[in-house]
Amino acid sequence: MTNIYILDNINFSFKDKLIINNLSLNFYKGLFYGIIGPNGAGKTTLLDILAGIKPINKGKVILFKRDIKTYNRKELAKLIALIPQEYHIEFDFTVEEILLMGRYPHLTRFQSLTDEDYYIINDTIKSLNLKPILHKYITELSGGEKQRVIFARALIQDTPILLVDEGTANLDIYYTIELMDILSKKVEKGDTVIATMHDMNLAVNYCDYLIFLKNGNLITQGETSKCLDSKIIKQVFNIESNIYIDNKTNRKCIYFFRGGRDE
């Protein structure tokens, strides 16, 4: 397997508060990673570190055999697309203009979009059914529509690594499944997806590998089929659960209940 990231004993603090504590991880090409943990576990911070947005206080982050600090912003934008949990745009850009921005990292100064660029853009518009809102201003969209546009822009950026921070939080069930299926297809083609997730049922059915965090510490990690069980869920979230497997489809479903919760 090709190594994408090496995180070597990293720490991150903010205002004297330790957010990530001595974390070491490896990420490999062509896998769907789910980062799981309660609020305040350090999940979003970890994605920002992987994106090169937040500098660590200690340790090393190696991206494709180079220290991430040695990359400039354009180099990183060709390798990593980030779908943030919240995205604020104060200017009245149209959806079409937002989508075109996804190709900017691949252009040289003053270069126009090529036929290949327009093919990627139009294919994404079609696959996510964005044509009806293409000429609307981003500020006019609902939360779910805006999330789909930001998701589409990341796909148009066409990078080997896609970081997703609760990327389906504002979406209904239909679009949630649609976007998760698109992410799975990217992984099948050899790309790497690293996503923070609160929905454990999505994680167990889409992710190849799970990483459990709590209070900035690594609790456990491993292949989804091997590391996910009720004991881990209890340890991380302090809640009881049962995991069921549909014998016909092999799909898994987790049921949660509050009985036995520690106070």
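Heads up: numbering here begins at 1 and tracks the sequence. When reading the values below, keep in mind they use all heavy atoms of this one structure, side chains included, and skip hydrogens, waters and symmetry mates.
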Could you list the donor-acceptor pairs under 3.5 angstrom formed between side-chain atoms of residues 124-134 and any protein atom two or more places apart in sequence or on another chain?
{"residue": "Thr124", "atom": "OG1", "partner": "Ile120", "partner atom": "O", "Å": "2.8"}
{"residue": "Ser127", "atom": "OG", "partner": "Asp123", "partner atom": "O", "Å": "3.3"}
{"residue": "Ser127", "atom": "OG", "partner": "Thr124", "partner atom": "O", "Å": "3.0"}

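- Residues Ile239 and Lys234 fail the side-chain proximity criterion, which asks for heavy atoms closer than 4.5 Å.
- Two residues are said to be in side-chain contact when any heavy atoms from C-beta on lie closer than 4.5 Å; Leu76 and Ile68 meet this criterion.
- Listed by first and then second residue, the ring pair (Phe, Tyr, Trp, His ring centres under 6.0 Å) pairs that reach into residues 195-227 are Tyr33-Tyr209, sequence neighbours excluded.
- Here the side chain of Thr159 pairs a donor or acceptor atom with the backbone of Ala81 at under 3.5 angstrom.
- Side-chain atoms of Asp165 and Thr196 include a donor-acceptor pair closer than 3.5 Å.
- In this structure, Ser142 contributes its side chain and Glu145 its backbone to a donor-acceptor pair below 3.5 Å.
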Which donor-acceptor pairs under 3.5 Å do side chains of residues 101-109 form with protein atoms, sequence neighbours excluded?
{"residue": "Arg103", "atom": "NE", "partner": "Asp117", "partner atom": "OD1", "Å": "2.8"}
{"residue": "Arg103", "atom": "NH1", "partner": "Ile156", "partner atom": "O", "Å": "2.8"}
{"residue": "Arg103", "atom": "NH2", "partner": "Asp117", "partner atom": "OD1", "Å": "3.0"}
{"residue": "His106", "atom": "NE2", "partner": "Gln157", "partner atom": "O", "Å": "2.5"}
{"residue": "Thr108", "atom": "OG1", "partner": "Gln111", "partner atom": "OE1", "Å": "3.0"}

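- Nearest approach of Pro160 to Leu79, heavy atoms of both residues: CD-O, 3.3 Å.
- With no hydrogens or angles considered, no side-chain donor-acceptor pair links Lys65 and Asn3 at under 3.5 Å.
- Looking only at distances, no side-chain donor or acceptor of Asn215 sits under 3.5 Å from a matching main-chain atom of Asn217.
- The two residues Leu50 and Tyr5 have their closest heavy-atom pair at O-OH, 2.7 Å.
- Applying the ring-ring contact (aromatic ring centres under 6.0 Å, His included) test to Tyr119 and every residue at least two apart in sequence or in another chain returns nothing.
- Placement of Leu25 and Val164 in two distinct hydrophobic clusters is found when ILVMFWY residues are connected by side-chain heavy-atom separations under 4.5 Å, directly or transitively.
- Enclosure of atom CZ in Phe64 by more than 12 non-hydrogen atoms of other residues, nucleotides or ligands within 6.0 angstrom is indicated.
- Put simply, the side chain of Thr224 never gets that close to the backbone of Val204: no donor and acceptor are under 3.5 Å apart.
- Heavy atoms only, all atoms of each residue included: Phe14 and Ile19 are closest at N-CG1, 4.2 Å.
- Between Phe237 and Pro38, the shortest heavy-atom distance links the atoms CE2-N, 3.5 Å.
- Around atom NZ of Lys74, more than 12 heavy atoms belonging to other residues, nucleotides or ligands sit under 6.0 Å away.
- Among Arg153, Glu166, Gln147, the one residue that satisfies the side-chain contact (heavy atoms from CB on, under 4.5 Å) test with Ile83 is Gln147.
- In this structure, the side-chain contact (heavy atoms from CB on, under 4.5 Å) partners of Asp48, at least two apart in sequence or on a different chain, are Thr44, Ile53, Lys54, Leu82.
- Remark: Arg66 pairs with Glu75 by the salt bridge (Lys or Arg N to Asp or Glu O under 4.0 Å) rule, at least two apart or across chains.
- Among all heavy-atom pairs drawn from Lys43 and Ile35, the shortest one is CD-O, 3.6 Å.
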